[in-house]
Amino acid sequence: MMRAGQRAWSWASRGGTSLRFWEGRGFPTFATPVEDSGTCHPAQFISLPSFLMLLVIVAITGGSVRAQEAIVATESITPPSLIDLPTPLESRPYIVRMLVATDSVDSSAISQQLAFALDRSVGGLWRSTIHELTGLSRADSSGLGRWQAEDARQKFADEEVDFWFAVTVHDHGPRREIAVRAWQPKFEWLSPVHSADIFEPRETAGRIVQLCWGLFRPEIRIEEVDQNAVRVRIPAGDLQPADPAYRLFQPGDCLIPWLMYYDRQHVLQRRQELPWSYIRVDEITGPLAKGVVLSGLRTPLAGKTRGRIEKVAVASRAVFPETTIQISVQNQPSRQLAGYRLELRPKLPEPKLADEENKKADPKESETAAEPAEIRTVLTDRLGQTTLLPIAGQPLTWVYVYSGDLLLARVPFVPGSLPFQRLEVPDDSVRLLVEGQLQVLQSELINLVAERNTLIAAARAASKKNDWQRMTALRTQLDSVPTKQVFVERLAGIRVPAVAAAKARRDRNGQVRIERLCQDVNELIDRYLDLDKLQLIKDDLEELQKAAKSDDAM
Amino acid sequence: MTVHKLIRLMMMVLSVGTFRAALAQEEVPADDAQLPKIADMVLPAAETLLRQKPVDWVVLKNDDTLVVEPVSPRPDTLTKMDDELRKLGNARGKNKEEQDAIKERRLELLKLQVSLIETSEEPDYTIETRQIKEIIYHEDHVMQRAGQCIDEGLTATAFELLVYLDRRHPNWPGYQRQVNRLLLKEAQVRLENNDPEAALRFCEELYAKDKVFAGLSEVAGQAVDRLVQAAVDDTDYRRARHFLGRLTTRDAEHEIVNKWRTELAARTTAQMDLARASAAGNDPAQASELVDTAARIWPDTQGLRDLHRELTTRYQILRVGVLELPGETSRDPFPSSAQERWRVLTSQSWFETNRFDESGARYRSVPCEDWEPDDLGRELRFTLRRDRADWETRPKWTSATLAAELSARLNPAHALFDERLAANVSGYATPSPFELTVQFRRPPLKPEALFRLPLSIAAESPELNADLNLDATATELRFRAIADGEHRQRGVRVRPEPATAKQRHVAEITEQKYESWEKLLQALQRGEISAAVRIGHVDLAGLKDDPRFFVLPYAQPTSHVIQIHPESLALKNGQLRRALLHALPRENLLHEELLPGVSREPVVARLSASPFTMGTPAANRLLPQPEYDLILSAGLAATARKAFGGTLPTLRIACPDDVAVSRTLDKMIAHWKRIGIEVVPITSPQERWDLAYRTIQFREPMVELWPFLTLDPAARITSLTPFPERLRRQLLEMERATDYASALQILHRLQSDLLIDAWWIPLWEVDDFCLVRRNISGLAERPVAPYHDVERWVVQPWYPQDQP
């Protein structure tokens with residue numbers, strides 16, 4: 001059962017909704033006419049210094065035919081003035097609109113104070129406008145909390161705005177409650193309500209800005225992906241906040257990668273979040289940054305994207321107090337997996353960096369690399385759920401899902417970034433069934449071996465005491481214990497249908513695991529029920545008896 | 001007799017010649033002056049009489065006394081000889097031979113043949129009977145010595161002598177009188193020794209022999225007086241009546257009998273007056289108690305019967321005998337059967353078991369009159385009862401209470417949080433004060449089993465339940481428990497029946513603890529109690545045939561099982577667990593230790609392969625009984641020992657405080673010791689344990705298995721951690737099963753897995769029975785628990801009137 005604001009990802013891809021966004025296609029040069037002036041996507045342009053450098057290179061080397069054509073075209077057109085050029089991506093501030101609703105407070109004064117506060121904190125990162133929020137019967141957090149995504153979509157319809165903030169200021173006697181809710185149209189993300197209580201009215205604007213910044217999710221453009229290493233460009237990355245505390249990114253921040261699909265007119269057709277994948281920003285140099293891909297998938301961002309697909313990533317921050325994570329069976333979300341063991345690790349596995357590519361990865365090493373004290377183990381409840389709490393200083397957590405000792409899934413996650421998340425893992429019921437049956441078989445095998453050994457020991461003891469009558473009786477008992485063949489047949493009875501079932505479900509991994517489990521038991525049978533060894537013991541006993549009889553006869 | 005005298009006697013005997021010579025000529029001892037006179041003879045001591053050769057004294061006319069071997073015939077030797085001689089008279093034989101024989105016989109009868117003692121040769125002599133004054137027999141000596149002993153108070157010696165005498169010669173003249181004297185003396189001695197009961201026993205024996213024996217009445221009166229006085233001082237009137245009755249049957253007009261009859265009747269009357277006063281003072285409980293006490297003082301008192309009927313009908317007290325009370329300290333870490341009994345007696349649940357048969361448990365709801373599923377079972381609509389019968393003890397509930405109870409169990413922060421219920425219930429609503437709807441995430445298999453929640457009235461307003469007992473706690477909604485001394489506990493209705501009620505029911509239950517089943521049975525026979533919650537199997541057949549009682553079988557047998565502690569490090573070893581399983585000869589243990597002396601027909605106990613009630617769908621019928629296999633268990637123990645590095649750890653076992661179970665457990669421990677596994681019982685409930693002997697009834701195996709295995713009543717997921725993955729999965733799967741058949745299949749598989757891997761050791765199941773006197777009505781035919789529907793039981797007026 002999904003609640004508002006929840007999303008569910010399986011290992012398979014998910015669809016998205018379309019939204020008209022940027023028109024145009026490909027990666028245009030300056031020669032490409034801008035169809036919708038003023039609303040071009042910044043990524044369509046290369047920066048001016050880069051462009052000039054390109055011209056020089058092409059002029060020196062002769063370039064490709066296409067480059068030559070471009071030069072020809074350039075020569076035929078009068079170069080535009082720098083003022084006419086669109087603002088580069090790195091220099092373009094986020095367009096933010098703040099809507100403020102107040103009860104019993106002068107809203108114009110609040111707006112004015114807010115503008116000042118924004119200048120002092122966010123500075124040039126945002127190009128913000130402040131308006132009055134209408135349509136709320138009560139300007140408090142409860143009013144904001146009732147909004148659904150559809151409400152936000154209707155209320156905040158301006159396409160030029162990157163980020164919307166709805167703010168309420170409500171006085172309860174001496175206490176003032178401030179509540180903020182954000183809407184990011186590009187990703188159709190409606191934030192939870194963040195609120196704060198203050199008793200000093202002069203703190204109002206500052207606190208509003210703090211709350212808004214806490215919900216703000218800046219984005220990046222993924223420019224290059226090499227295995228797990230990525231190079232990204234930061235929109236507004238060239239701009240500086242008035243207060244250094246309001247920097248867009250800091251090393252260690254995690255972002256959720258998205259694939260944005262556009263049509264020929266650069267209208268967004270659909271968007272797709274890459275499940276269980278994050279980009280961690282490690283090194284920031286102006287508008288550029290390097291990072292690594294952390295993912296439960298093998299290569300989530302690998303492969304070249306076609307021209308109309310854009311790779312972006314948006315900051316993932318703990319905006320919810322906790323995240324409920326639910327484990328269910330792949331393609332059967334109603335089958336929640338209760339009682340499954342989850343290990344929460346802070347670090348592992350580290351992605352393979354380029355220079356480590358050639359090194360052979362040792363999975364065991366990576367499994368044990370985390371300090372045991374840092375590993376937290378939890379069990380899913382009857383709904384297959386468990387709660388992950390954000391940890392200060394550790395934005396990302398690796399979630400390991402086990403069935404018994406078998407690792408079913410290993411995914412990264414930022415606790416608190418979502419209220420609810422479902423993780424679908426392969427169904428291992430057949431393996432479990434086989435494991436149980438093998439356990440029974442093993443128990444019986446141990447029983448048999450224990451009984452046989454006792455009988456042998458007792459027979460030997462009887463022979464030492466020349467109690468041949470008892471020895472014969474024990475020998476008869478020894479002959480009657482089940483043979484190896486019985487166990488081999490029973491093992492086959494377990495293995496064959498289980499493998500067939502796994503095959504029928506096209507569960508290759510399951511099939512391999514079942515074969516391996518059966519093989520282990522088969523080795524046990526071979527080791528402990530070796531017929532030759534048993535025959536040797538029986539022969540020994542017989543020899544002893546014969547020798548004793550011959551002694552008696554003499 | 002001194003040696004000197006003996007020598008003299010021997011000389012005398014030698015002088016008279018041999019016996020044969022005596023036949024020819026009559027001779028008397030020549031030197032009679034040397035024989036002792038009778039006056040000089042000393043009565044032999046008791047020791048001599050009992051240990052040495054018996055001798056008779058033949059006293060001659062001159063008082064000389066010969067000590068001879070016992071003469072014949074005896075007693076009255078001379079008289080008998082004289083009689084025979086007289087009979088022969090003038091008889092003549094038909095022929096010569098006969099005539100000679102008669103003649104010879106006449107001569108023989110004129111002389112007494114004696115054998116002197118302690119002579120080496122020729123001891124036999126004859127003495128003319130006319131010279132014999134009397135013969136003092138050995139028996140007479142014994143009798144005399146016994147008499148002396150009695151006089152001297154040496155009753156034991158006297159008894160020995162008289163027994164010796166009776167064995168030697170029954171009905172010796174004067175024997176009976178001496179015996180009677182001895183009995184009286186014994187009674188007197190006992191009385192002096194402050195043992196009046198023993199004195200009374202001797203008096204009774206003497207009454208049987210000679211009821212007018214001099215002094216008997218006085219001694220018997222004293223004994224009974226003391227006994228009755230002591231009994232009355234102890235307020236044990238039955239005992240007083242018992243002793244009085246014993247005297248009355250022997251001497252109805254004895255003054256002591258009359259004295260105490262008057263006294264006890266007066267006491268009864270006084271008690272009746274008090275009872276009337278209490279009744280008038282609107283204290284029916286005390287009035288009922290007082291009049292019942294009065295009935296136990298002197299039941300034949302005038303007017304008692306009517307008053308007793310009136311007062312005990314108004315306030316009915318059920319007296320029950322038990323072997324265990326809930327407040328007792330125990331070494332068992334689990335709630336005792338007494339605690340469980342009182343939990344059921346005092347609390348009310350949302351749903352409770354009404355019946356248990358071959359299909360399993362059937363439920364009823366106390367607060368709800370109706371519960372209808374909706375939305376294909378995803379919603380349940382409860383309708384609360386608005387009316388209440390006079391006999392019902394339950395409070396009035398509104399949906400607010402049920403909602404509050406539910407809310408507490410769904411709230412993870414609350415102490416009553418129920419993880420399982422919270423996972424099932426997605427929401428609830430109270431459309432009206434008498435309606436509650438509960439929504440489920442998935443339709444529960446048996447919602448009644450899920451809602452067996454104890455209720456309280458904490459959330460209700462006091463005005464709504466003004467008729468409830470104010471002293472009761474919020475969870476005491478049936479009977480309020482009141483500890484009454486060390487051996488008694490009372491349960492009083494929290495809601496008394498209104499004064500206008502036409503038919504009254506049990507208002508109070510009094511449990512009386514007894515040390516043993518035998519004592520309890522005695523109390524039952526005496527009429528001190530009217531019911532027993534569990535009866536000893538050894539007396540089952542006899543009690544079933546007793547027309548005074550109903551013997552009712554409980555609807556569900558009690559399963560006995562050895563539980564494994566999930567956290568026990570030692571028992572994580574499967575070989576060790578299986579060794580424990582196969583080392584027990586269960587059949588033998590059941591019949592020889594748990595139920596010794598109990599007939600195997602009809603069957604009251606049977607071996608079981610799982611602790612679920614056999615014959616119900618929950619029990620896996622295909623499960624084979626675990627075998628007793630000493631070789632296998634020894635082998636497994638050896639394997640386990642190897643895994644533990646050569647020494648098996650000592651295991652600790654918890655056990656209920658039941659005599660039969662403790663006895664059985666001792667034997668089990670001995671069997672485990674045979675294969676090298678050391679098991680010791682724990683001594684306090686706080687002690688860590690590895691195994692536990694449990695006596696348990698699974699009403700809903702599908703629901704109760706998890707808490708049982710994990711020892712976690714809340715059935716939290718985390719509690720499953722110690723168990724293997726497969727077991728965990730199956731428990732979860734069973735809980736999530738959407739149809740009964742699937743759940744049952746998993747349950748059967750679980751039983752098989754648990755047995756194969758010895759996660760429990762099923763032992764047997766035992767049919768239990770309760771017993772009630774026939775003056776109690778309204779009983780369920782097969783009660784599911786003690787005090788099943790006790791609110792509807794009626795105790796007809798009755799008190800014991802038999803002669804104790």
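These values consider heavy atoms only, across backbone and side chains, with no hydrogens, waters or symmetry-generated copies. Model, not experiment: these values are computed from the prediction. Each chain gets a letter, A, B and so on, in the order the sequences are listed, and its residues count up from 1.
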Item to complete: Just give me the residue among B:Ala579, B:Ala758, B:Ala715 that pairs up with chain A most often, heavy atom to heavy atom, under 4.5 Å.
Response: B:Ala715
Worksheet item: In chain order, what residues pass the side-chain contact (heavy atoms from CB on, under 4.5 Å) check against B:Leu630, with sequence neighbours excluded?
Response: B:Tyr628, B:Ser633, B:Arg674, B:Ile675
Worksheet item: Which bit of B:Glu419 is near chain A, if near means a heavy-atom gap under 4.5 Å: side chain, backbone, both or neither?
Response: both
Worksheet item: Looking at residues at least two apart in the chain, or sitting in another chain, which of them share a ring-ring contact (aromatic ring centres under 6.0 Å, His included) with B:Phe612?
Response: B:Phe698, B:Trp760
Discussion item. More than 12 heavy atoms of other residues, nucleotides or ligands under 6.0 Å from CD of B:Glu627: yes or no?
Written reply: no
Response to the item:
Scored by heavy-atom pairs under 4.5 Å with chain B, the best of A:Leu433, A:Thr454, A:Leu337, A:Leu455 is A:Thr454
Discussion item. Does A:Arg341 form a side-chain contact (heavy atoms from CB on, under 4.5 Å) with B:Thr721? I'd like the steps, not just the answer.
Written reply: CA-CA 9 Å; A:Arg341 181 164 59 91; B:Thr721 312; over 6 Å; no
Worksheet item: Do B:Asp753 and A:Gln439 have side-chain heavy atoms sitting under 4.5 Å apart?
Response: no
Worksheet entry | Shortest non-hydrogen contact from B:Leu636 toward A:Ala450 | N-CB, 3.6 Å
Fill in: Non-hydrogen atoms of A:Gly339 and B:Ile717 that approach each other most closely
CA-CG2, 3.6 Å
Worksheet entry | Any donor-acceptor pair under 3.5 Å from A:Glu451 side chain to B:Leu632 backbone | no
Discussion item. For A:Tyr528, I'd like to know if atom OH has over 12 heavy atoms of other residues, nucleotides or ligands within 6.0 Å.
Written reply: no
Discussion item. Heavy-atom pairs under 4.5 Å with chain B - which of A:Val440, A:Asp405, A:Val378, A:Val449 has more of them than the others?
Written reply: A:Val440
Worksheet item: In terms of heavy-atom proximity below 4.5 Å to chain A, should B:Ala634 be classed as side chain, backbone, both, or neither?
Response: both
Item to complete: Measure B:Thr718 against the heavy atoms of chain A and call it side chain, backbone, both or neither at under 4.5 Å.
Response: both
Discussion item. Tell me whether the count of non-hydrogen atoms from other residues, nucleotides or ligands lying under 6.0 Å of CD in A:Gln469 goes above 12.
Written reply: no
Worksheet item: So which part of B:Arg420 gets closer than 4.5 Å to some heavy atom of chain A, the side chain, the backbone, both or neither?
Response: both
Item to complete: Using heavy atoms and a sub-4.5 Å threshold, report which of residues 726-740 of chain B line up against chain A, by residue number.
Response: B:Arg726, B:Arg728, B:Arg729, B:Leu732, B:Glu735, B:Arg736
Fill in: Heavy-atom proximity to chain A below 4.5 Å, by part of B:Asn424
neither
Worksheet item: Who pairs with B:Phe351 by ring-ring contact (aromatic ring centres under 6.0 Å, His included), at least two apart in sequence or on another chain?
Response: B:Trp371
Discussion item. Using a 6.0 Å cut-off, check whether atom CD of B:Gln745 has over 12 heavy atoms from anything other than its own residue.
Written reply: no
Worksheet item: In terms of heavy-atom pairs under 4.5 Å with chain B, which of A:Asn447, A:Leu448, A:Asn453 leads?
Response: A:Asn447
Discussion item. Quick check for you: to the nearest 0.5 Å, what is the distance between A:Ser443 atom OG and B:Ile756 atom CD1?
Written reply: 7.5 Å
Practice prompt. For the residue pair B:Glu725 and A:Leu406, establish whether any side-chain heavy-atom pair is separated by less than 4.5 Å.
Written response: no
Worksheet item: Looking at A:Ala457, A:Ala458, A:Ser403, A:Ser429, which makes the most heavy-atom pairs under 4.5 Å with chain B?
Response: A:Ser403
Discussion item. How about NZ on B:Lys642, more than 12 heavy atoms from neighbouring residues, nucleotides or ligands closer than 6.0 Å, or not?
Written reply: no
